[in-house]
Amino acid sequence: MVRDFHIAKREEDIGYYAGYIGSSFMLGRALTSVFWGIVADRYGRKPVIVIGIVAVVIFNTLFGLSVNFWMAITTRFLLGSLNGLLGPIKAYASEIFREEYQALGLSAVSTAWGIGLIIGPALGGFLAQPADKYPNLFSKESLFGRFPYFLPCLAISIFALGVIIPTCWLPETLHMHRENVSPDDSEKGLETGSCESNVNEKPKQIEGRGPIAKESLLKNWPLMSSIIVYCVFSLHDMAYTEIFSLWAVSPRSHGGLSYSTKDVGEVLAISGLGLLVFQLSLYPYVERLLGSIMVVRIGGVVSIPLLASFPYIALLSGLSLSFVVNFASVVKNVLSVSIITALFLLQNAAVEQHQRGAANGIAMTAMSLFKAAGPAGGGVIFSWAQKRQDAAFFPGDQMVFFILNVVEAIGVLMTFKPFLTQKVKAIR
């Protein structure tokens, strides 16, 4: 898409501009995630979820109709600003399951997110430029010929429109009371010593709930430490997602695979299927066996040698290349989403229900800032690495995957005490 905008002067600069389009969505989400989290805590999870899906329908369609680079950035930024549904959905998933099944609930959320990151680019690979790929179905003079990237965006928007209908029947999990009480005061047992509190004290407690909740969240180290680790791994994952597609389509002379967008789509589709099978069938058992923190550590450690092998995969060809690329992609995406799921569990376990919307809003804001840096940074690093093919120290793409491994290693080190801690549950 960036190539067709004719804003990049050289082939090597395409990743640079593509990174900014990817980052604009995350920047928009970073600016509004806390707001949407507060709205979800006050008015319910479902309204925020519905508004977010409606935003996808509108602004994703407009993105497909972008006629220049700046329109693409603007529509992605507005989509990110109005799409505050991921935080409330994480809170929702932890609230509809009993504690022993929360791993499955949050695994479904992270699996959906991970599959979206895979199936989205796969749809782009299959459906972009339909007049060139399927000339018998789409003519150059048709709407899809004049806007070659509209079809995949339209397909996603139609899917989102269909999702809105069953969403209207979702039960609300935020316990709202009709009495003359603050909506934040959703559970009687949340106040310390509530059984002994008298009637005169309760209005003061409710009246001060807002600032107390905000202060306690920022001082809640189990929550904040898990959010920081989550941000580091999110930065890595977004940079990897950006770099993988750029690396796969780059020419072999620059260390890439010379794949077409359709080839990349096939790899990502296979990865999505493998991810779905693992997360919904095996992950809950792995999490119960090892615990959330150990899942993060093992996933991070195994990812490092796997990423280091990617530059050498480009030396293969034919059937062996296809098999190894698909296998490596499946394993990498399974590890990444397992890490994110485990960190979701740690975050939601660190707060009570009446704070989960705001807590997930803080997590989304911080994560979005890091994820905004991921595509932009990944695109810049990839473009820079393409120009140093003959360097003595980590030439070409070796430098790209080395930097990804440094970020991954930092994330693994941060999972140890005294940095990452878990909340000790009080005995009631």
Side-chain angles (χ1 to χ4, degrees), residues 23 25-27 29-38 80 84 86-91 94 102-103 106 109-110 113-114 117 213-241 287 290-301 303-304 335-352 355-378 403-425:
S23 297
F25 172 86
M26 292 299 170
L27 179 60
R29 194 165 72 176
L31 296 175
T32 59
S33 288
V34 172
F35 166 77
W36 288 119
I38 294 171
L86 185 55
I89 281 178
K90 286 165 56 184
S94 66
Q102 285 187 6
L106 288 168
V109 174
S110 58
W113 173 254
L117 286 176
K214 290 180 183 177
E215 183 181 3
S216 62
L217 282 178
L218 296 177
K219 290 185 177 181
N220 183 341
W221 184 244
L223 171 67
M224 298 310 294
S225 61
S226 63
I227 287 176
I228 294 170
V229 176
Y230 174 48
C231 288
V232 173
F233 281 108
S234 295
L235 170 66
H236 172 274
D237 290 347
M238 285 303 289
Y240 166 78
T241 302
E287 199 278 334
L290 300 175
S292 298
I293 293 180
M294 192 56 68
V295 168
V296 176
R297 290 173 183 166
I298 293 175
V301 169
S303 293
I304 291 174
L335 293 173
S336 294
V337 175
S338 296
I339 290 170
I340 295 301
T341 305
L343 292 170
F344 280 177
L345 287 165
L346 290 174
Q347 289 168 31
N348 281 279
V351 291
E352 301 293 340
Q355 293 180 309
R356 279 184 185 146
N360 280 297
I362 293 172
M364 289 299 101
T365 296
M367 177 269 288
S368 296
L369 289 172
F370 276 73
K371 282 193 170 183
I403 293 174
L404 285 176
N405 273 335
V406 169
V407 176
E408 188 87 352
I410 291 172
V412 171
L413 291 175
M414 292 171 72
T415 63
F416 291 90
K417 292 182 178 179
F419 189 85
L420 182 63
T421 58
Q422 286 181 279
K423 183 179 180 180
V424 179
K425 294 185 179 179

Qualifying residues under side-chain hydrogen bond (donor to acceptor under 3.5 Å, both in side chains), relative to S338, sequence neighbours excluded: Q279

Nearest heavy atoms of G84 and W36, plus distance in Å: CA-CD1, 3.6 Å

Separation between OG of S23 and CE of M238, rounded to the nearest 0.5 Å: 7.5 Å

Whether N405 side chain and I304 backbone form a donor-acceptor pair below 3.5 Å: yes

L420 vs L346, side chain to side chain contact (heavy atoms under 4.5 Å, CB included): CA-CA, chis, key distance, verdict: CA-CA 10 Å; L420 182 63; L346 290 174; 4.3 Å; yes

Nearest heavy atoms of L404 and A239, plus distance in Å: CD2-CB, 3.8 Å

L86/V109 under side chain to side chain contact (heavy atoms under 4.5 Å, CB included): CA gap, chis, key distance, verdict: CA-CA 9 Å; L86 185 55; V109 174; 4.2 Å; yes

Nearest-0.5 Å distance, CD1 of residue I38 to CD1 of residue I362: 8.0 Å

Test ring pair (Phe, Tyr, Trp, His ring centres under 6.0 Å) applied to Y230 - qualifying residues, sequence neighbours left out: F344

Heavy-atom pair of closest approach, residues S292 and A342: O-CB, 3.4 Å

Evaluation steps, side chain to side chain contact (heavy atoms under 4.5 Å, CB included), between L369 and M26: CA-CA 6 Å; L369 289 172; M26 292 299 170; over 6 Å; no

Interatomic distance, I293 atom CD1 to L345 atom CG [nearest 0.5 angstrom]: 11.5 Å

Derivation and outcome, side chain to side chain contact (heavy atoms under 4.5 Å, CB included), residues T341 and E287: CA-CA 9 Å; T341 305; E287 199 278 334; over 6 Å; no

Taking every non-hydrogen atom, the tightest pair across A30 and T365: O-CG2, 3.1 Å

Test item: N360 and N348 side chains (from C-beta on) under 4.5 Å apart, heavy atoms: yes

Over all atoms of both residues, closest heavy-atom pair of S226 and L343: O-CD2, 4.2 Å

Where at least one partner belongs to residues 408-418, residue pairs that pass side-chain hydrogen bond (donor to acceptor under 3.5 Å, both in side chains), sequence neighbours excluded: H236-E408, R297-T415, S303-E408

Closest approach of L223 to A359 (non-hydrogen atoms, all atoms of both residues): CD2-CB, 4.0 Å

CE on M224 to CG on L218, rounded to 0.5 Å: 5.5 Å

Interatomic spacing from CZ in F370 to CD1 in I228 - rounded to 0.5 Å: 8.0 Å

